[in-house]
Amino acid sequence: MGPPRIARQRLDRLRPERRGVSGLLHALLRPQAASGAVLSAILVMLVILLTPLPELFGWQLYAVETGSMEPAISVGSVVAVRPVPAEALRVGDVITFSDRTQPDVRVTHRIVALEQSGGQQTAVTKGDANNTTDSWSVPLGDNVARVELHVPYAGYVMYWLGSP
């Protein structure tokens, strides 16, 4: 059967010592092919951001606006979070929760300790880039979600798509 037509045409333009499998690999790994791979990755990211696909897995997507979790999660990243029961959370997990003073604002920090307070389990949290723990404990309930994954720079795309 042989290589596909496009690959065969590229192989025909190669020097004789570059024909065969190594010639095919060389032809496919040119800068144009690499830029095609980057473009494909961007398109896949856009499909994920623009469709309800994350919701099918129970995930919510948030863009990271501050550097409190750097270097683990940088500004401009997108975090995919999923609600989990309190008993599934462990010290070291990164969670997203509502800010006590501004309920519409989400905070993403790492759990540094788990405590019992008033019959309810709470988490002491801290941003990786911060010197001290947060001044509040987070009640582990329905409004706490664990970060399942993060995608660097995808938050910039989310902002761009959401801007007029």
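Just so we're clear, the structure is a prediction, and the values are computed from it rather than from any experiment. The basis for the numbers below is simple: all heavy atoms, side chains too, and nothing from hydrogens, waters or symmetry mates.
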- With a 4.5 Å heavy-atom cut-off, do Tyr62 and Val81 have their side chains touching? yes
- Message: Checking Arg110 against Thr125: is there a side-chain donor and acceptor pair closer than 3.5 Å?
- Response: no
- Task: Would you give the length of the straight line joining atom OG of Ser137 to atom CD of Gln120, rounded to the nearest 0.5 angstrom?
- Result: 10.5 Å
- Close side-chain approach of Met69 to Val94, heavy-atom, < 4.5 Å: yes
- For the student: nearest non-hydrogen atoms of Pro83 and Ala145, plus distance: N-CB, 3.7 Å
- Just how far is it from atom NE2 of His109 to atom CD1 of Ile73, taken to the nearest 0.5 Å? 10.0 Å
- Does the pair Val124 and Glu115 meet the rule for a side-chain contact (heavy atoms from CB on, under 4.5 Å), with working shown? CA-CA 8 Å; Val124 177; Glu115 301 174 342; 3.6 Å; yes
- CZ-CD1 distance between Arg90 and Ile111, expressed to the nearest 0.5 angstrom: 9.5 Å
- Would you call Asp128 and Glu70 a side-chain contact if the rule is heavy atoms closer than 4.5 Å? no
- Note on the structure: Pro103 and Ser98 have their tightest heavy-atom pair at O-OG, 3.5 Å
- Message: If you apply the rule side-chain contact (heavy atoms from CB on, under 4.5 Å), what do you find for Asp134 with Phe97, and how did you get there?
- Response: CA-CA 12 Å; Asp134 296 332; Phe97 53 93; 4.2 Å; yes
- Item | Close side-chain approach of Trp59 and Leu149, heavy atoms under 4.5 Å | yes
- Smallest separation among heavy atoms of Pro139 and Val144, with atom names: O-CG2, 3.5 Å
- Item | Approximate separation, where rounding is to 0.5 Å, of Ser68 OG and Lys126 NZ | 9.5 Å
- Message: List the residues meeting side chain to side chain contact (heavy atoms under 4.5 Å, CB included) with Ala86, not counting sequence neighbours, and say none if there are none.
- Response: Gln121, Leu140
- Begin with the C-alpha distance, continue with both residues' side-chain angles, and end with the deciding distance and a verdict on side-chain contact (heavy atoms from CB on, under 4.5 Å) for Glu148 and Arg82. CA-CA 7 Å; Glu148 298 294 333; Arg82 181 173 35 187; 3.5 Å; yes
- In Å, rounded to the nearest 0.5 Å, how long is the span from CD1 of Ile95 to CZ of Arg146? 10.5 Å
- Message: If you define the side chain from C-beta out and look only at heavy atoms, does anything of Val138 sit under 4.5 Å from Thr122?
- Response: no
- Query: Can you check whether Val75 reaches Tyr156 side chain to side chain, under 4.5 Å on heavy atoms?
  - Reply: yes
- Query: Among the clusters formed by ILVMFWY side chains lying less than 4.5 Å apart, do Val91 and Val84 turn up in the same one?
  - Reply: yes
- Report yes or no: does Ser77 contribute a side-chain atom to a donor-acceptor pair with the main-chain N or O of Ser74 at less than 3.5 Å? yes
- Item | Test item: Val79 and Val64 side chains (from C-beta on) under 4.5 Å apart, heavy atoms | yes
- Query: Are any of the side-chain heavy atoms of Val107 and Thr96 separated by less than 4.5 Å?
  - Reply: no
- Message: Please give me the minimum heavy-atom distance between Gly67 and Ala129, naming the atom from each residue.
- Response: O-CB, 3.4 Å
